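Just so it is clear, the model here is predicted, and its values are computed rather than measured.
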Amino acid sequence: MEVTNRYVVIKHIIDGAPQESDFELRTEPLTLSIEPGKDEVIVKNLFLSIDPYQLNRMTSQSCFQQATNIAGALNPGEEIDGYGVGRVVASGNPEFKEGDLVSGFLSWAENSIIKEGTSKFKGAKLNKVETMGFPLSYHAGFLGFSGITAFAGLFEVCKPQKGETVFVSAASGSVGSLVGQYAKLFGCYVVGCAGSQKKVDLLKEKLGFDEAFNYKEEIDLKSALKRYFPSGIDIYFDNVGAEMLEAAIENMNPFGRVAVCGVISEYTNEGKRAALNMVDVIYKRITIQGFLAADHFQVYKDFLSTTLEHLQSGKFHVLEDISRGVESIPSAFAGLFRGDNVGKKMVQVVDD
């Protein structure tokens, strides 16, 4: 059977904030069958994770492309791959059969053709999905990279102690919303920042943050953090970079820890870089560590058991922001850099 497969590409290299006009929706015929002897799997894409780091693959030059071999640069007109969940519709691989639910690096498309070794993501492979009674969308976000990033960044990188103070930037996002909940349930004092009053209310009223504030309403971020942390910050989970990181460092306690997960404010503006007070870093003996989820898959079992316990007790809330249809991918991606999303941004490509 032959279908028309729609997919998204970039029209040109993107330097600066991405716009919907930077992308193009293309179509091509796709035969939903595998030729004998071909070790391929055709997957109907169901949910695609939309993540800010992908912009670093689309720019003319990025440290992401040079310093890691996790994912390669993207060229105009080239198929874009990212994490997602789908259902197998045809398979020449004996490990998978028609109807299997799978997760892995899928195309920004309605259907993906997966062959081992062809993805630009190092070590990328398909994995069978056991739903465990949870929505399938969870496996594209919360139970995938978002969850392990939050869990490992907090517990492996920052190593919190009960009663410590924790600050989370971009706290209503896919990772920050989870970090704050983990820290609070662990027994820490948690403050988050977000870009609207609606998000601030959500952090306090639904996710259980002790305090939250709208950073757009603060003239002086250093003074704002001093107000919310009169005794100082022990842990800062950084999703933003730039001025927010500077302000957090000034308010850190001795032996404070900073987990640098993302710097979304710097991705689209080369002139916007954090200028840290290194005297503070030295004399307060502050640890600043960048990390990637891929470095910490050894804690996945601990992450899963802890998370399932919190979910089953009703103490943990998952925020999802889902657009529909492959044609919505450009606006979903561009919206990340405008702060449009609340929680994990995904695209539901088709209904299962």
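- In this structure a side-chain-to-backbone donor-acceptor pair under 3.5 Å is present from Ser305 to Asp302.
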For Ile322 and Val347, what are the C-alpha separation, side-chain angles and deciding distance, and is it a side-chain contact (heavy atoms from CB on, under 4.5 Å)? CA-CA 5 Å; Ile322 301 175; Val347 168; over 6 Å; no

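- Interatomic distance, Ser33 OG to Ile42 CD1, rounded to the nearest 0.5 Å: 6.5 Å.
- The two residues Asn341 and Gly343 make their nearest non-hydrogen contact at ND2-O, 3.0 Å.
- Clustering ILVMFWY residues whenever any of their side-chain heavy atoms sit less than 4.5 angstrom apart, transitively, puts Phe255 in a cluster other than the one holding Leu225.
- Separation of atoms CG (Asn251) and CG (Asp280) is listed at 9.0 Å; rounding is to 0.5 Å.
- A distance-only check finds no donor-acceptor pair linking the side chain of His139 to the backbone of Val129 [under 3.5 Å].
- Residues Met278 and Met252 fall within the same hydrophobic cluster, defined by Ile, Leu, Val, Met, Phe, Trp and Tyr side chains chained together at heavy-atom separations under 4.5 Å.
- Across every non-hydrogen atom of Asn5 and Asn111, the tightest pair is OD1-N, 2.9 Å.
- By the neighbour-count criterion of 12 heavy atoms within 6.0 Å, atom NZ of Lys198 is sparsely surrounded, having that number or fewer from other residues, nucleotides or ligands.
- Annotation: Lys159, atom NZ; neighbour count of heavy atoms from other residues, nucleotides and ligands within 6.0 Å is above 12.
- Side-chain atoms of Lys11 do not come within 3.5 Å of backbone N or O of Gly77 as any donor-acceptor pair.
- In this structure, Lys115 does not pair ionically with Glu40, as no charged nitrogen and carboxylate oxygen lie closer than 4.0 Å.
- Using bins of under 30°, 30° to 60° and over 60° for the plane-to-plane angle, the ring pair Tyr138/Phe142 lands in the perpendicular bin.
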Please set out all donor-acceptor pairs under 3.5 angstrom arising from side-chain atoms of residues 185-197, sequence neighbours excluded.
| from | atom 1 | to | atom 2 | distance (Å) |
| --- | --- | --- | --- | --- |
| Ser196 | OG | Lys199 | N | 3.2 |
| Gln197 | NE2 | Asp201 | OD1 | 2.9 |

Check step by step if salt bridge (charged side-chain N to carboxylate O under 4.0 Å, His left out) holds for Arg6 and Glu327. CA-CA 8 Å; Arg6 297 189 298 166; Glu327 66 278 3; 3.1 Å; yes

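- Residues Ala248 and Tyr236 approach most closely at CB-CD2, 3.4 Å, considering heavy atoms.
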Go through the steps to decide whether Tyr182 and Phe316 satisfy the test ring-ring contact (aromatic ring centres under 6.0 Å, His included), and finish with yes or no. CA-CA 8 Å; Tyr182 281 129; Phe316 210 87; 4.9 Å; yes

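- Atom CD of Glu28 has more than 12 heavy atoms from other residues, nucleotides or ligands within 6.0 Å.
- For Thr165, the side chain to side chain donor-acceptor pair (under 3.5 Å) partners at least two apart in sequence or on another chain are Asp234.
- Side chain of Arg285 to backbone of Pro254: no donor-acceptor contact under 3.5 angstrom is found.
- Electrostatic pairing of Arg227 and Glu218 counts as a salt bridge here, judged by a charged N lying under 4.0 Å from a carboxylate O.
- Hydrophobic cluster membership of Tyr7, counting Ile, Leu, Val, Met, Phe, Trp and Tyr whose side-chain heavy atoms lie under 4.5 Å apart directly or via other members: Val9.
- To the nearest 0.5 Å, atom CG of residue Leu311 and atom CE of residue Met132 are 9.5 Å apart.
- Taken to the nearest 0.5 Å, the CD atom of Glu78 stands 8.0 Å off from the CG atom of Asp81.
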Quick one, Asp51 with Ser49, criterion side-chain hydrogen bond (donor to acceptor under 3.5 Å, both in side chains). Give me CA distance, side-chain angles, the key distance, then yes/no. CA-CA 6 Å; Asp51 301 292; Ser49 174; 2.6 Å; yes

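- Between the side chain of Glu79 and the backbone N or O of Ser107 there is no donor-acceptor pair closer than 3.5 Å.
- A continuous path of ILVMFWY side-chain contacts below 4.5 Å connects Tyr215 to Ile249, so both sit in one hydrophobic cluster.
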Please lay out, stage by stage, how Leu46 and Val349 fare under the test side-chain contact (heavy atoms from CB on, under 4.5 Å). CA-CA 5 Å; Leu46 301 176; Val349 181; over 6 Å; no

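- Heavy atoms only, all atoms of each residue included: Ile13 and Pro76 are closest at N-CG, 3.9 Å.
- The pair Glu164-Arg257 meets the salt-bridge criterion, with a side-chain N (NZ, NE, NH1 or NH2) lying under 4.0 Å from an Asp/Glu carboxylate O.
- In terms of heavy atoms, Ala212 sits closest to Tyr228 at O-OH, 3.9 Å.
- Taken from OG1 in Thr59 to CD1 in Ile10, the straight-line distance is 9.0 Å, to the nearest 0.5 Å.
- Taking the six-membered ring where tryptophan is involved, the planes of Phe237 and Phe291 are perpendicular, since the angle between them exceeds 60° and thus also 30°.
- A donor-acceptor pair is defined here as one N or O able to donate and one able to accept, closer than 3.5 Å; no such pair exists between the side chain of Thr307 and the backbone of Leu304.
- Between the side chain of Asn277 and the backbone N or O of Val279, at least one donor-acceptor pair lies under 3.5 Å.
- Salt-bridge formation is not detected for the pair Lys222/Asp220: no Lys NZ or Arg NE/NH1/NH2 atom is positioned less than 4.0 Å from an Asp or Glu carboxylate oxygen.
- Judged as a side chain to side chain donor-acceptor pair (under 3.5 Å), and not counting sequence neighbours, the contacts of Asn45 are Ser112.
- For Ser103, the side chain to side chain donor-acceptor pair (under 3.5 Å) test picks out Tyr83, with sequence neighbours left out.
- Atom OG of residue Ser137 and atom CE of residue Met346 lie 4.5 Å apart, to the nearest 0.5 angstrom.
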Decide side-chain contact (heavy atoms from CB on, under 4.5 Å) for Asn239 and Val168; before the verdict, give the C-alpha distance in whole Å, the side-chain angles of both, and the deciding distance to 0.1 Å. CA-CA 8 Å; Asn239 293 297; Val168 185; 4.2 Å; yes

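- Within 6.0 Å of CD in Glu130 there are 12 or fewer heavy atoms belonging to other residues, nucleotides or ligands.
- Residue Val200 is not grouped with residue Val240 when hydrophobic side chains (ILVMFWY) are merged at heavy-atom distances under 4.5 angstrom, including chains of intermediate members.
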For residues 16-27, which side-chain N or O atoms pair as donor and acceptor with protein atoms under 3.5 Å away, sequence neighbours left out?
| from | atom 1 | to | atom 2 | distance (Å) |
| --- | --- | --- | --- | --- |
| Asp22 | OD1 | His12 | NE2 | 2.8 |
| Asp22 | OD2 | Gln19 | N | 2.8 |

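- Ser177 and Lys344 form no side-chain donor-acceptor contact under 3.5 Å, judged by distance and modelled atom types alone.
- The two residues Val326 and Trp108 come nearest to each other via the heavy atoms CG2-O, 4.1 Å.
- Between Ile14 and Leu55 the shortest side-chain heavy-atom distance falls below 4.5 Å.
- A donor-acceptor pair is defined here as one N or O able to donate and one able to accept, closer than 3.5 Å; no such pair exists between the side chain of Gln289 and the backbone of Ala259.
- The closest donor-acceptor contact from the side chain of Lys128 to the backbone of Glu95 lies under 3.5 Å.
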Please lay out, stage by stage, how Leu319 and Leu178 fare under the test side-chain contact (heavy atoms from CB on, under 4.5 Å). CA-CA 9 Å; Leu319 302 181; Leu178 304 177; over 6 Å; no

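- Taking the centre of each ring, Phe297 and Tyr300 stay at or above the 6.0 Å mark.
- Between the Thr4 side chain and the Pro29 main chain, no donor and acceptor come within less than 3.5 Å of each other.
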